[in-house]
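One structure is given here, and the rest of the page talks about it.
Values reported hereafter were calculated over all heavy atoms of this structure, with side chains retained and with hydrogens, waters and symmetry mates removed. Per chain, numbering begins at 1; letters A, B, ... match sequence-line order.
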Amino acid sequence: MLEIRTPKTGKAKRVLEKRAPKLVETGRKTLILHGTKTSATVSSVLMELYRLKKGGAIKYSRRNENIRPFESGGETSLEFFSQKTDCSIFVYGSHTKKRPDNLVLGRMYDHQVYDLIEVGIENFKSLLSFSYDKKFAPHEGTKPFICFTGEGFENVPELKHLKEVLTDLFRGEVVDNLNLTGLDRAYVCSAISPTKVFLTHCALKLKRSGTIVPRMELVEVGPSMDLVIRRNRLPNESLMKEAMRTSKDKPKKKEKNVDQDAVRGKIGKIYMPDQKLDEMHLHDKSKGRKRERKESKLLNEETDSKKNKKSSE
Amino acid sequence: METETDQIYHLDVGNLLGFNPNHRFPSAPSSREELVKECIEESRKLVQAIANALFNFTSTETNDGPIVQLPPPTTKLPREKHVPRPKPPTKWEEFALKKGIQKRKKDKVVWDEQTDQFKRRHGYDRVNDDNDVPIIEAKATDEPGEDPFAKRLDEKKKRVGKQQKNRLQNLKAAEKAGALPSHVQLAATSLPISGTKSQPKKIGKDELGDVAGLAATSTASGGKFDKKLPGEKPPKKQSKHHQYLPVVAGRGAVNPEKEQTNNVLSKIFSKHSHEILNVGKAINMYNVKKEKKKSGRSDKSGRSDNLKPKKDITKKPANKAK
């Protein structure tokens, strides 16, 4: 026997609609969690990553002993969390003797694990160790610039994969319109060797130049670390094909309140808000604010000053 | 986008992404700071290139600042969820398509002939409300004992039930196609006990507590030392409810025990004491007791005649106090 269940509150309905699959997707939410054991570096990396992605990230503080991303059975917990929190990219940090300071970045498709990449952290410098002029500190939730340098990102398949995953991670919301004053951060990723990537986070300084385009300057503010590629798992072909599928037709958005007629031409409707006649601000009728009073006061001051002058003379 | 040194950058302005594939980092880095500086300098060039493109877009001025229309991103990234699947047409939609029935937009407000005013189509005080009909004329086909109003209610219930069933079927078909609407969930409810139509009653919080208490009393220590689940309340008092008066009266207070006995005595010795004792009831109780004793004695002797040792008939029965 089946029963139809619909949400009873508007809020619940809106939450469900937000989580439904959309034709055009805006960025992914990140899930940050850690495994059985984490070192100080790993926990600070996870914390700072969470701070950088504050608007679209969820951080779990407990340790998860049964998550092993690269093993076939160890992904069930991850998939459950992904479904619960509606996060489709996760960062899993752990520390073992064999793999010290380990970070696993993974993506989900339909709440199933799509691909994974495992990196080791070296030479980590925290947010707090950088000193800079606080005026240029990047604001929360701004869209960042992402810069990849190095031929490794094109030639080495693991680095190529890492580039894709980092783009997805740092991208933020996909928007149509961008406010140019809100550009204040950049992620710098450089392939310094075929297995190592140097990653850092910089604030942007826009300096006046002769043209419309300001001169950009980067000031290192954020965490910086070296990522050493360890393992990775690419998605299988069929899943990749399905995930990369894009629909060509964009749904035509109907322009609201506009009507086209052969007789009248183009007509628009304007809805006026209710005029609250009780609360309308008319001019101030209090005694002290009367214009005549003000003027007479001014006149009195003038005559007084004249009198004083006369008396002084 | 080309620069003087013939380096081609791959720019994705929609994602604010820049990729420089041609830079070669020295395999033996000079020092950490040098390397970092080099990385940042290269990225600065990339950012500048993207900014050149961005700031040259036509911008609209608003209160917060100039806003530009970003082009769609060019890097192909995998989706996070599947493309929304098209919903299969419902039974009615199929029928309408087959018959060529067009959808007609209905007005919210309809003219009501009876009251000569516009009334809304659905909701409070609606047109043609079934409940408002005061008189239903009897037709030749009607049976004399039937209640037409109850019949109308029944018919409405049937119609509503049919609609619910159809809705469920349509949703099941949509679920099969993977296109269930986002706010609807189809959940399996518990099956009724075979043979009955009714659904098993849901047990409330208090009932559960009572049942748990009952189960606890069947343990050896009467449920006193059972491990409680988080949130479980301690059991309500299960034993007899005694109320004892204090043994020693407080300073100035009247001795409550003395008070109690005095009250009882005064009631008995009072003028209307005969009204307290229900004489009729007392007589009945006395008679019943007497009869029980008699019958008790006769029953005893009748039952165990052969088993009990025979009494000495020479001895006379003692005079028992009545």
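Of the listed residues K76(B), H183(B), R85(B), the one with more heavy-atom pairs under 4.5 angstrom with chain A than any other is H183(B). Each of V184(B), V47(B), L46(B) has some count of heavy-atom pairs under 4.5 Å with chain A, and the biggest count is that of V47(B). Comparing T75(B), N56(B), V36(B), T62(B) by heavy-atom pairs within less than 4.5 Å of chain A, the highest count is held by V36(B). When each of A186(A), G152(A), S190(A), A20(A) is checked for heavy-atom pairs under 4.5 Å with chain B, S190(A) comes out on top. Heavy-atom pairs under 4.5 Å with chain A peak, among P181(B), C39(B), P72(B), P73(B), at C39(B). In terms of heavy-atom pairs under 4.5 Å with chain B, the best-connected choice from L180(A), L16(A), T6(A) is L180(A).
Proximity to chain B is absent for every atom of S209(A), based on heavy atoms less than 4.5 angstrom apart. Of the two parts of I89(A), neither the backbone nor the side chain holds a non-hydrogen atom closer than 4.5 Å to a non-hydrogen atom of chain B. For chain B, no part of S193(A) is nearby; none of its heavy atoms comes within less than 4.5 Å. Residue L239(A) does not touch chain B at all, counting heavy-atom pairs closer than 4.5 Å. A12(A) does not touch chain B: none of its heavy atoms, backbone or side chain, sits under 4.5 Å away. Using a 4.5 Å cut-off between heavy atoms, K22(A) contacts chain B through its backbone alone, with no side-chain atom that close. Interface residue Y109(A): backbone and side-chain heavy atoms are both found under 4.5 Å from chain B. For a residue to count as touching a neighbouring chain, one of its non-hydrogen atoms must lie under 4.5 Å from one of that chain's; by this rule R14(A) does not touch chain B. In this structure, chain B has a heavy atom under 4.5 Å from the backbone of M108(A), while its side chain stays farther away. With a threshold of 4.5 angstrom between heavy atoms, F170(A) does not approach chain B through any atom at all. Both the backbone and the side chain of P214(A) come within less than 4.5 Å of a heavy atom of chain B.
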Set out, in order, the CA-CA distance, both residues' side-chain angles and the distance that settles side chain to side chain contact (heavy atoms under 4.5 Å, CB included) for E220(A) and I40(B), then state yes or no.
CA-CA 8 Å; E220(A) 227 186 327; I40(B) 293 185; 3.7 Å; yes
Audit row: E80(B), S88(A), side chain to side chain donor-acceptor pair (under 3.5 Å) steps and yes/no:
CA-CA 6 Å; E80(B) 67 172 322; S88(A) 57; 2.5 Å; yes
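Electrostatic pairing of E217(A) and R44(B) does not count as a salt bridge here, judged by no charged N lying under 4.0 Å from a carboxylate O. Ion pairing of D12(B) with R171(A) is absent here, as no side-chain N (NZ or NE/NH1/NH2) approaches a carboxylate O to less than 4.0 Å.
Between the side chain of R79(B) and the main chain of L23(A), a donor-acceptor pair closer than 3.5 Å is present. Listed for the D110(A) side chain is no donor-acceptor partner under 3.5 Å among the backbone atoms of K81(B). With hydrogens and angles ignored, the 3.5 Å screen pairs no side-chain donor or acceptor of E25(A) with any backbone N or O of V83(B). Checked by atom type and distance alone, the side chain of Q185(B) never pairs as donor or acceptor with a backbone atom of R5(A) at under 3.5 Å.
No side-chain heavy atom of T211(A) sits less than 4.5 Å from a side-chain heavy atom of N52(B).
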Do any side-chain atoms of residues 162-173 of chain B form donor-acceptor pairs under 3.5 angstrom with protein atoms, and if so which ones, sequence neighbours left out?
{"unit_1": "N170(B)", "atom_1": "OD1", "unit_2": "K91(B)", "atom_2": "N", "d": "3.3"}
{"unit_1": "N170(B)", "atom_1": "ND2", "unit_2": "N166(B)", "atom_2": "O", "d": "3.4"}

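Contacts between residues 96-109 of chain B and chain A, counted as heavy-atom pairs separated by less than 4.5 Å, involve no residue at all.
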